[in-house]
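Numbered from 1 within each chain, the chains take letters A, B, ... in sequence-line order. In what follows, every heavy atom counts, from backbone to side chain, and hydrogens, waters and symmetry copies are set aside.
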Protein chains: 2
Amino acid sequence: MISLEQQKNPNPEDFPSELQGLRMTKQRREVLAVILAERDHPTANDVFSRAQDRMSTISLATVYNCLEALVSHKLVRQVNFERESSRYCPNLSDHCHFQDEESGKIHDVVFKEGVKLEDLLELPQGTEISHLEISLKGNFGK
Amino acid sequence: MISLEQQKNPNPEDFPSELQGLRMTKQRREVLAVILAERDHPTANDVFSRAQDRMSTISLATVYNCLEALVSHKLVRQVNFERESSRYCPNLSDHCHFQDEESGKIHDVVFKEGVKLEDLLELPQGTEISHLEISLKGNFGK
DNA sequence: GCCCAAATTTGGAATTATTCTAATTCGGGT
DNA sequence: ACCCGAATTAGAATAATTCCAAATTTGGGC
């Protein structure tokens, strides 16, 4: 079983037939492989065109379906910046995203050791957070 | 000069003819008044229909234009949750947003006293953040 | 007060990302 | 090999937002 988080050029064939309870069809495998292959944050369209290289018959609708399935089974993370189109991220560890305004490129940003959300925010007690997204924009100092 | 942050039912007429370098036209005044009137987080469409109550001739395109102008002049904040349509927030103080999954309602969440972003994230040094958005989803404990 | 250029507003068309639909194909289990 | 539900597909539909070009309004100078 490969590590879904580390390997650089995963081979779709290496994926088991089921991951996190999700059946790994040809297309889902391919979509997942595309996302794992690069550490960038491709849009659905990016994924579509990369997937087409090896599977010319795949459709955009399928890419959307696969992404939805992979995201809901927590094999991939969906990343949003304001109203831009969603991007997809293979990094499942706790982190957030920084977009360099010059290049448009997105970088993962990790939390400092031991930081908890409750330490940061005045949350009404009893609040349960099911989803958290932190998005930063800016630029690396001149 | 009224406080843009506190007053409950602002009257568009109370706004000066220019705010933050932005000319206050009739429509911009009205859009701003609509947003200040309630502490909820209306979408562009919500703003449009509320604005129509008092200014029946206003167009949706104008509402979008006005919102854009108000946001870029920092009179109003734009709030995003994943791919949902943008919402607009009159609260200009430093805060983030929590969406109750049951009601869909959005609540402002303030940062704890003295918390700085650098304390939370491993940002490459020299990074300048120009925009930060933190969005939470969840529910208030049962 | 009147005229002009510039800015704003307007309605409708266009765009874009995404979702839906209905038909086809696939793949695992018998 | 056959069946059935799930997955894939192409294309249409949708929804939010932006664009466009024309009409209107504005403020500043005379």
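For B:Asp46 and D:dT17, the CG to P distance is 11 Å, given to the nearest whole Å. For the pair B:Phe48 CZ and D:dA15 P, the interatomic distance rounds to 16 Å; values are reported in whole Å. Here the P atom of nucleotide D:dT17 and the CG atom of B:Leu67 are 9 Å apart, to the nearest Å. Atom P of nucleotide D:dA7 and atom CD of A:Glu68 are separated by 11 Å, given to the nearest angstrom. With rounding to whole Å, B:Glu82 atom CD is found 12 Å from C:dT18 atom P. Whole-Å rounding puts the B:Asn45 CG to D:dA15 P distance at 11 Å. The CZ atom of A:Arg28 sits 11 Å away from the P atom of D:dA6 (whole-angstrom rounding). Following rounding to the nearest Å, A:Glu30 (CD) and D:dT9 (C1') show an atom-to-atom distance of 17 Å.
Of the residues near DNA chain C, B:Leu60 and B:Leu22, the one whose nearest nucleotide (by heavy atom distance) lies more toward the 5' end is B:Leu22.
Note on B:Glu82 versus B:Lys137: salt bridge recorded, some NZ/NE/NH1/NH2 to OD/OE distance being below 4.0 Å. Ion pairing between a basic and an acidic side chain is recognised when a charged N comes within 4.0 Å of a carboxylate O; A:Arg50 and A:Asp40 show such pairing.
Using a 4.0 Å heavy-atom distance criterion, A:Ser85 is classed as a sugar-phosphate-only contact. Within 4.0 Å of B:Thr57, counting heavy atoms only, lie sugar-phosphate atoms of the nucleic acid but no base atom. The residue B:Ser86 sits close only to the backbone: its heavy atoms come under 4.0 Å of sugar-phosphate atoms, none of a base.
Using modelled atom types and a 3.5 Å distance limit, the side chains of A:Asp100 and A:His107 yield no donor-acceptor pair. Checked by atom type, the side-chain pair B:Asn65/B:Thr62 shows no donor-acceptor distance below 3.5 Å.
Separating the OG atom in A:Ser86 from the NE2 atom in A:His41 is a distance of 12.5 Å, to the nearest 0.5 Å.
Proximity of B:Gln27 to the phosphate of C:dT10: a side-chain N or O atom is located under 4.0 Å from OP1 or OP2. Close to C:dA17, at under 4.0 Å from its OP1 or OP2, lies no side-chain N or O of B:Arg83. Contact check, A:Tyr64 against C:dT19: no side-chain N or O comes under 4.0 Å of OP1 or OP2.
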Under-3.5 Å N/O pairs linking protein and nucleotides 20-28 of chain D:
none

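Its side chain within the 4.5 Å cluster rule, A:Phe81 clusters with A:Val79, A:Ile106 among the Ile, Leu, Val, Met, Phe, Trp and Tyr residues.
A search for side chain to side chain contact (heavy atoms under 4.5 Å, CB included) contacts involving A:Phe48 returns A:Asn45, A:Gln52, A:Ile58, A:Leu60, A:Val63, not counting sequence neighbours.
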